[in-house]
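Working notes, structure below.
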Amino acid sequence: MEMRWEQVELGLPAATTMPVRFYEPPMKEKAPPLVLYLRGGAFQQEETAERETPIAGALANGGAIVVEADYGSISQNMFPGAVECGLAALRCLAARRRKLGSARSPILIAGEEAGGNVAAGIALKARDQMPGVLAGQVLLSPLIDPTMSSVSIRKADAIGMRERWSDGWMHYLRGFCGFTHPYAAPCMCSRLAAVAPALVVTAEDDPLRDETLGYADRLSEAGVKVRRHVFPAGSGWSGIYNEEDGAWLSEISAHFRLFVQELRR
């Protein structure tokens, strides 16, 4: 798979450029989907990933041209900077739609864990500031509830994530009143109507299962089209939090393809 890092112009007062990495699909379609991808890392990743990010690779294998944005090193993984940088990257992607794909290429945003939080926040902000641009959002076990009070989150101790996520939330919100801000904690948003359709993925034994499915339910109740998939317990889904490979990656590619087909219809 061809990958390359380059700098793109953001035009923000606090950040003029951002590193992004491109993933090309094995076979390029006439109007391939364009995906802005935001990696996880519990709001604590400090540098660009040197090796291929498995989720970005899976989306590319699903037919997309994927643009992995290094939003963390620019925003120091803090709100609201992370969302602002991501939205600026989305604007850049929209401006280059014809060059990267075609005028008919749908634009999506995707992310897992902390990246899923930022992706969901950007989807909400894009609805408010860039209506009609975002065709879909792909949320893979998004870390969207800073209260960490769900039943499933108790399993976080079993995979060594509770302290990491707690520290990550403290860093991301940094005392900001973002605890109830819809762009910082999308599960707190009271106005979800008209946000982009969503592909939501989790697993039965995923500590983030409850908040993920709870958000999917609320999107559906607001009239948003939602495609969801829950992997069975023991599938190895928790490897997503350490950027590990797994047999589930091929299923992500397949579900992403089906989701894009639904969007085109």
Side-chain angles (χ1 to χ4, degrees), residues 1-6 8 18-40 48-49 51-71 86-113 115-120 122-123 126 130 132-142 195-202 224-229 231 240 243 245-265:
M1 182 181 297
E2 181 185 350
M3 295 178 292
R4 62 187 187 279
W5 282 101
E6 68 176 59
V8 296
M18 175 191 291
V20 298
R21 177 162 59 179
F22 292 82
Y23 296 71
E24 298 286 346
M27 295 183 64
K28 193 171 181 178
E29 305 171 3
K30 289 185 178 180
L34 308 179
V35 177
L36 178 65
Y37 165 71
L38 311 172
R39 65 190 282 229
T48 55
R51 68 182 184 91
E52 172 188 326
T53 308
I55 294 298
L59 297 175
N61 286 331
I65 295 175
V66 179
V67 181
E68 178 184 354
D70 180 25
Y71 69 97
L87 189 71
L90 185 64
R91 293 185 190 278
C92 292
L93 184 60
R96 298 176 64 177
R97 183 201 312 241
R98 189 184 298 272
K99 180 179 179 181
L100 292 172
S102 84
R104 295 184 297 106
S105 290
I107 295 177
L108 300 91
I109 192 163
E112 84 275 4
E113 196 233 29
N117 173 299
V118 180
I122 291 171
M130 302 169 60
V133 172
L134 197 61
Q137 53 182 318
V138 180
L139 307 178
L140 310 172
S141 293
V195 75
L199 168 61
V200 179
V201 183
T202 182
V224 178
K225 293 183 178 179
V226 177
R227 179 183 182 88
R228 69 184 75 196
H229 179 71
F231 283 99
I240 194 173
E243 296 188 347
D245 295 333
W248 45 267
L249 281 172
S250 60
E251 290 194 52
I252 292 295
S253 299
H255 283 287
F256 174 73
R257 279 189 176 276
L258 291 172
F259 179 55
V260 172
Q261 290 173 9
E262 292 173 357
L263 294 178
R264 293 187 192 278
R265 288 198 296 265

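Between L249 atom CG and I55 atom CD1 the span is 5.5 Å, to the nearest 0.5 Å. Taken from CZ in F256 to CG in L140, the straight-line distance is 10.5 Å, to the nearest 0.5 Å.
Contact of the I107 side chain with the L93 side chain is registered, since non-hydrogen atoms from C-beta on lie closer than 4.5 Å. A 4.5 Å side-chain heavy-atom check between I65 and P25 finds at least one atom pair inside the cut-off. In this structure the side chain of F22 never reaches within 4.5 angstrom of the side chain of V66, judged on heavy atoms. Counting heavy atoms from C-beta on, the side chains of L38 and I122 come closer than 4.5 Å. I109 places none of its side-chain heavy atoms less than 4.5 Å from the side chain of V35.
Of all heavy-atom pairs spanning A69 and L36, the tightest one is CB-CD1, 3.8 Å. The two atoms that bring A123 and V195 nearest to each other are O-CG2, 3.6 Å, heavy atoms only. Residues Y71 and M18 come closest through the heavy atom pair CA-CE, 4.0 Å. When all heavy atoms are compared, the tightest approach of P26 to A60 is CD-O, 3.5 Å. When all heavy atoms of G116 and L139 are compared, the pair lying nearest together is O-CD2, 3.7 Å. Between V224 and A196 the shortest heavy-atom distance is CG1-O, 3.6 Å.
For S105, the side-chain contact (heavy atoms from CB on, under 4.5 Å) partners at least two apart in sequence or on another chain are A31, P32, L34, R97, S102. A search for side-chain contact (heavy atoms from CB on, under 4.5 Å) contacts involving R227 returns L199, H255, L258, F259, E262, not counting sequence neighbours. Evaluation of the side chain to side chain donor-acceptor pair (under 3.5 Å) rule for Q137 yields no partner, not counting sequence neighbours. Partners of R91 under the side chain to side chain donor-acceptor pair (under 3.5 Å) rule, at least two apart in sequence or in another chain, are Q129. With sequence neighbours left out, the salt bridge (Lys or Arg N to Asp or Glu O under 4.0 Å) criterion links R104 to no other residue.
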L90 and M130: CA distance, side-chain angles, deciding distance, side-chain contact (heavy atoms from CB on, under 4.5 Å) verdict: CA-CA 10 Å; L90 185 64; M130 302 169 60; 4.2 Å; yes

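Between T53 and E243, the side chains place no donor N or O within less than 3.5 Å of an acceptor N or O (distance only, hydrogens not considered).
Contacts classified as side-chain hydrogen bond (donor to acceptor under 3.5 Å, both in side chains) and involving residues 28-37 (residues at least two apart or in different chains) are given here: Y37-E112.
Judged by distance alone, the side chain of Y23 and the main-chain N or O of A58 form no donor-acceptor pair under 3.5 Å.
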